[in-house]
Amino acid sequence: MYRIGEAEVTRIRKLIQSGRIFRYGQGGECDQFEKDWATHVGSRYARMARNGTSAIYTSLVGLGVGPGDQVIVPAYTYMATALAVVAAGAIPVIADVDESLTLSPADVERRITAHTKAIIPVHMVGLPCDMARLMRIARKRKLLVVEDACQAVGGGFRGKKLGAIGHAGAYSFNFFKNITCGEGGAFVTNRKAVYDRGSVAVDCCSFYWNPDQDREDLQFAGHNFRASEFEGAILNAQLTRLEPMLKKMRRQKQRLTAAGVKAGLQSIVNHSIEDECGTHAGFLFATEKQARAFRARLAQAKVSSFLPMDTGRHVYTRWEPIMREQGAHHAALDPFKIPANRKAKIRYSPEMCASSLDILSRAVLVPTHPDHKADVVRHMLATIREAA
Ligand SMILES: Cc1ncc(COP(=O)(O)O)c(C=O)c1O
């Protein structure tokens, strides 16, 4: 969360005074946000969900991913990406990240099998994946693409908004994201059929509220990940803040990256530095020891930074439910145990993406902030130069 204040309070006050606090019937805040978010990212449809996890899960349901399918996910992402695959009944296949800290297209190609149905590129810490190469692979191998843009809300890749490049895209609006309503999420897609199926997965009675979805084929048992008007109201206020904030952070990232490179550091690979979120500048070192020494020097000068390796359940070795193959609350529902997945199942081991572990422990990420004053940015620049 970067900013929240009076605009949100005003919107919530009006909502309470109106008494229309349920999204269907007389509500309007969620409808408004879905319309504006779809327009903002350049997608035909947007559906709010409960959070980012349910947005990924409902995208997969919308696309018809399920038992018997493998879905490729990167070794560096919050474990919810892989858990959403399991929730849909499919098997997550973990692939390496490269020096962009995002999904390696080369490793994706290596891990495709006859069972692969979809790829989930994750735009981690605001960094866009190489969507041009990944979409080329997906087209060639007839795979579906669900972008996990949970950490890259509002970012872009070569002029297109993240989340709106693949067949579906998912966003999180939880407290830690670029815009937030505390907890929240949404998926987008250009395909009406995906939107309709995904909407039923978001709301088990979706067809009741949306009469155009009142079709037998859509009346499968869904869950309930319905969004609230309070979330819609806050997000409508947050959306007006998004682009000006990202513009500032992109500029800061470009300056921090340029300063580091000029001082002899190696930048991580940035696939679209003009369009991305700009939330983190990243540097790669020859060894973990050097990376930790650089971070310690930054910390001494009160400049915050972190190694992606240290971020707990964002590294596959820490995804316990996956590594231990505990895919559901009941064995008969567990994708790791059901007969339909016998051929799609893989073995998980801490060594399976050793190259990712190496890269993630040699990288240092330096967060930007839209409220950093000029003197703070100057201090960060000087500290990076000195530590380099
Ligand atoms: C990359 C990524 N995917 C998915 C999620 C899940 O989002 P949520 O916490 O809103 O369910 C997160 C949230 O932290 C995330 O960072």
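Treat the numbers as computed from the prediction; the structure is a model and nothing was measured. Ligands are counted one by one from 1 in listed order, and the atoms in each one are counted from 1 as well. Just the heavy atoms: all of them, side chains too, but no hydrogens, waters or symmetry mates, feed the values below. Numbers here are sequence positions counted from 1.
In this structure, a donor-acceptor pair under 3.5 Å is absent between the side chains of D358 and S355. Of the N and O atoms on the side chains of T81 and D148, at least one donor lies less than 3.5 Å from an acceptor on the other residue. Donor-acceptor pairing under 3.5 Å is recorded for the side chains of Q70 and T113. Neither side chain, E183 nor N174, offers a donor N or O lying under 3.5 Å from an acceptor on the other.
Checked by atom type and distance alone, the side chain of Q238 pairs as donor or acceptor with a backbone atom of R3 at under 3.5 Å.
The shortest side-chain heavy-atom distance between L83 and P321 falls under the 4.5 Å cut-off.
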Filter the ligand 1-protein atom pairs down to N or O on both sides and distance under 3.5 Å, then list them.
unit_1: ligand 1; atom_1: 3 (N); unit_2: D148; atom_2: OD1; d: 3.3
unit_1: ligand 1; atom_1: 3 (N); unit_2: D148; atom_2: OD2; d: 2.7
unit_1: ligand 1; atom_1: 9 (O); unit_2: N174; atom_2: ND2; d: 3.0
unit_1: ligand 1; atom_1: 10 (O); unit_2: G52; atom_2: N; d: 2.7
unit_1: ligand 1; atom_1: 10 (O); unit_2: S172; atom_2: OG; d: 2.7
unit_1: ligand 1; atom_1: 11 (O); unit_2: G52; atom_2: N; d: 3.3
unit_1: ligand 1; atom_1: 11 (O); unit_2: T53; atom_2: N; d: 2.9
unit_1: ligand 1; atom_1: 11 (O); unit_2: T53; atom_2: OG1; d: 2.6
unit_1: ligand 1; atom_1: 14 (O); unit_2: K177; atom_2: NZ; d: 2.7
unit_1: ligand 1; atom_1: 16 (O); unit_2: Q151; atom_2: NE2; d: 2.8
unit_1: ligand 1; atom_1: 16 (O); unit_2: K177; atom_2: NZ; d: 3.4

